[in-house]
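Read through the structure below, which is laid out as structure tokens, and then see the notes.
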Amino acid sequence: MSLLAPFAEDPADSRTYLLNNATAHRYRSAVTESVTRISAKIAGTARPFTGISVDGLTPTVAGVDLDTPLHDPAAALDELEEVYLRDAVYFHHPRYLAHLNCPVVIPALVGEAVLSAVNSSLDTWDQSAGGTLIERRLIDWTADRIGLGEQADGIFTSGGSQSNLQAMLLARDEACRREPTGDDSPAGARLTDVLPRLRILTSECGHFSIRKAATLLGMGAEAVIAVPVDADKRMRAADLADELARCRREGLIPMAVVATAGTTDFGSIDPLPEIAELCDRYGAWLHVDAAYGCGLLVSRRRELLNGIERADSVTVDYHKSFFQPVSSSAILVRDRATLRHVTYHADYLNPRRMAERRIPNQVDKSIQTTRRFDALKLWLTLRIMGARSVGELFDEVIDRAADAWKLLHDDPRFDVVVEPRLSTLVFRYLPGTDPDPELADRVNLHAREALFASGDAIVAGTKVDGRHYLKFTLLNPETTLDDIATVLDLIAEHAGSFLAEQPRPALSAR
Ligand SMILES: *Cc1c(COP(=O)(O)O)cnc(C)c1O
């Protein structure tokens, strides 16, 4: 059997392509070919991106005839080089500084290879067996690190947005159950009766998936109250107290407070103990969105998460600060009984009698049905490199962010917003000492776009008080302070050439 052309014998025979006992050697050669190419690609990546435009790439992808197969993995991979690999965005590159995407650890990629070939589906025991037990061990391990207690449970999800959605669903149905009814119904109030009065409180810097969740859950985005933040972008507990009191006065039901442990823009961590106190007082569900900050669970800065153990539910994104490939996320809950709000029984899949016989069907806890065995990646990560090594990687990028903050702080070309707790830096280029705000916006927007188009580095952008800023999200321990200094120089260069091209009035306006 040719190693390079595993399907050459009979490319027209459909069954050649199925993975089974007779074709395992073909699987091996096809996948080995792809892994060989990707490893060469990763080793030879000089820039995070080529800078190609949408218009530049669209015709290449559109030009592929999907109805004329190549029958040859090598040929398809050659084509893929053109349509994808050459111009892909490479997160492992030290000058990729944009979004919350991490370089991935090799043990997790071993897991990825295994899980897609075996293809377990974690909805039921009879489709996964040991996969279910592995996922449950990791849920218990994570809940234990958080300190959620004996009754904790949870489930792997596709990402933080899904974890947040499920948390809000549980919080909504719990609020409904607790709401008194005229006839003292044990099931609580009818959802349709309380829906208009439900409110979710989260900080102004909370993630937008909370608003999306509110919409999907029938409350509308208006049900989310944005609590002001302090100068460090942390939720003001005093303002939360005021909002909770106002809800009570107005007959509204504060069904959940969402505290963020690592806001997406600033990495700020809301004051968890004070917020937990207020949730106790008002009977509100405390959800901690630690999609970004979860890496602290294994870092030497664990104390930054103090108070998280009082949460009713927690979102963790292993695909952010645990260096796992997309997707790998989980929602954890303090009280496993609350997961019943997503339990539905289907005769063909997870009949009630199975639950009675204590057969573990994970679908009973999930809003998905067919579900990837993403947990295997984390399992092999813990078994091969260990939690402490993961934490060291995260600690290193946090250290780097602290150094980079000093660099930015001392550089008169830039204005930096808050001293980082985690690994993001929000800053902007200053066109002069007292710049015209419009011009400052335009020059920063331009610098970011020009940098992206050059492919030399990728940075993110966001708004602060309505103004355009740039953002570094550091998740790569290979990014040095030199890399960061180089990128700042590149930004200043692009900004400088933009300013040089401005007509005089724009410059003299200040
Ligand atoms: C990234 C992020 C999310 C969303 O997670 P996804 O995995 O992208 O769906 C939610 N909350 C916070 C704070 C995040 O940073």
Side-chain angles (χ1 to χ4, degrees), residues 89 91 96-102 104 108 142 146 154-169 171 200-217 221 224 226-227 229 232-235 256-272 275 286-297 304-305 308 311 313-332 366-368 371-372 374-375 377-378 394 397-398 401 418 420-426 460-462 471-475:
V89 174
F91 300 157
Y96 177 84
L97 306 171
H99 302 288
L100 272 167
N101 310 112
C102 50
V104 294
T142 308
I146 297 172
I155 192 85
F156 272 67
T157 68
S158 63
S161 304
Q162 190 191 340
S163 297
N164 284 345
L165 170 62
Q166 180 163 351
M168 291 306 99
L169 188 155
I200 299 170
L201 298 100
T202 191
S203 96
E204 307 174 279
C205 297
H207 195 261
F208 74 94
S209 57
I210 299 296
R211 266 177 291 140
K212 241 189 210 182
T215 306
L216 286 165
L217 294 171
V224 180
V227 181
V229 293
D232 289 329
K233 308 293 180 188
R234 307 165 78 223
M235 186 194 286
V257 174
V258 179
T260 314
T263 58
T264 314
D265 271 350
F266 304 101
S268 47
I269 299 169
D270 289 337
L272 303 176
I275 294 172
L286 172 58
H287 176 64
V288 176
D289 180 355
Y292 175 15
C294 59
L296 293 172
L297 291 171
L304 290 177
L305 290 179
I308 195 173
S313 57
V314 178
T315 287
V316 293
D317 258 2
Y318 307 107
H319 62 216
K320 284 179 177 163
S321 48
F322 274 71
F323 304 92
Q324 299 293 294
V326 178
S327 45
S328 182
S329 177
I331 173 185
L332 293 308
S366 176
I367 58 179
Q368 289 171 268
R371 198 163 50 83
R372 281 169 60 85
D374 285 317
K377 298 180 284 193
L378 181 61
F394 194 44
V397 296
I398 299 175
V418 287
R421 274 287 156 274
L422 299 182
S423 63
T424 62
L425 290 157
V426 178
T462 190
K471 180 169 93 165
F472 289 160
T473 307
L474 306 182
L475 277 181

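Counting starts at 1 for both ligands and their atoms, following the listed order. The analysis underlying the following values was restricted to heavy atoms, covering all of them including side chains, and did not include hydrogens, waters or symmetry mates.
Counting only heavy atoms of the protein, atom 6 (P) of ligand 1 lies nearest to G160 N, 3.3 Å. Summary of contacts: the protein heavy atom closest to atom 8 (O) of ligand 1 is K320 NZ, 4.1 Å. Looking at atom 11 (N) of ligand 1, its nearest protein heavy atom turns out to be D289 OD2, 2.6 Å.
Shown in contact with D317 at under 4.0 Å from a heavy atom are these atoms of ligand 1, numbered in order with element: 5 (O), 6 (P), 7 (O). Those atoms of ligand 1 that come under 4.0 Å of a heavy atom in A291, given as number and element, are 2 (C), 3 (C), 10 (C), 11 (N), 12 (C), 14 (C). Close approach to N164 involves these atoms of ligand 1, each under 4.0 Å from a residue heavy atom: 10 (C), 11 (N).
Ring orientation note: the planes of H99 and Y96 are tilted relative to one another, at an angle of 30° to 60°. Under the 30°/60° scheme for interplanar angles, the aromatic rings of F323 and F394 are found to stand perpendicular.
The closest approach between any non-hydrogen atom of G262 and ligand 1 is below 4.0 Å.
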Exercise. Given Q162 and Q368, is the side chain to side chain contact (heavy atoms under 4.5 Å, CB included) satisfied, shown in steps?
Worked result: CA-CA 10 Å; Q162 190 191 340; Q368 289 171 268; 3.1 Å; yes
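Looking at T264 next to ligand 1, an N or O pair under 3.5 Å apart turns up. Considering backbone and side-chain N/O of H319, one or more are found under 3.5 Å from N/O of ligand 1.
At a 4.0 Å heavy-atom cut-off, ligand 1 touches L100 through the side chain alone.
Note on D374 versus R372: salt bridge recorded, some NZ/NE/NH1/NH2 to OD/OE distance being below 4.0 Å.
T260 and D289 share no side-chain donor-acceptor pair at under 3.5 Å. Checking S327 against S158 by side-chain atom types alone, no donor-acceptor pair falls below 3.5 Å.
Checking each of V314, V257, N164 against H287 for a side chain to side chain contact (heavy atoms under 4.5 Å, CB included) leaves exactly one that passes, namely N164.
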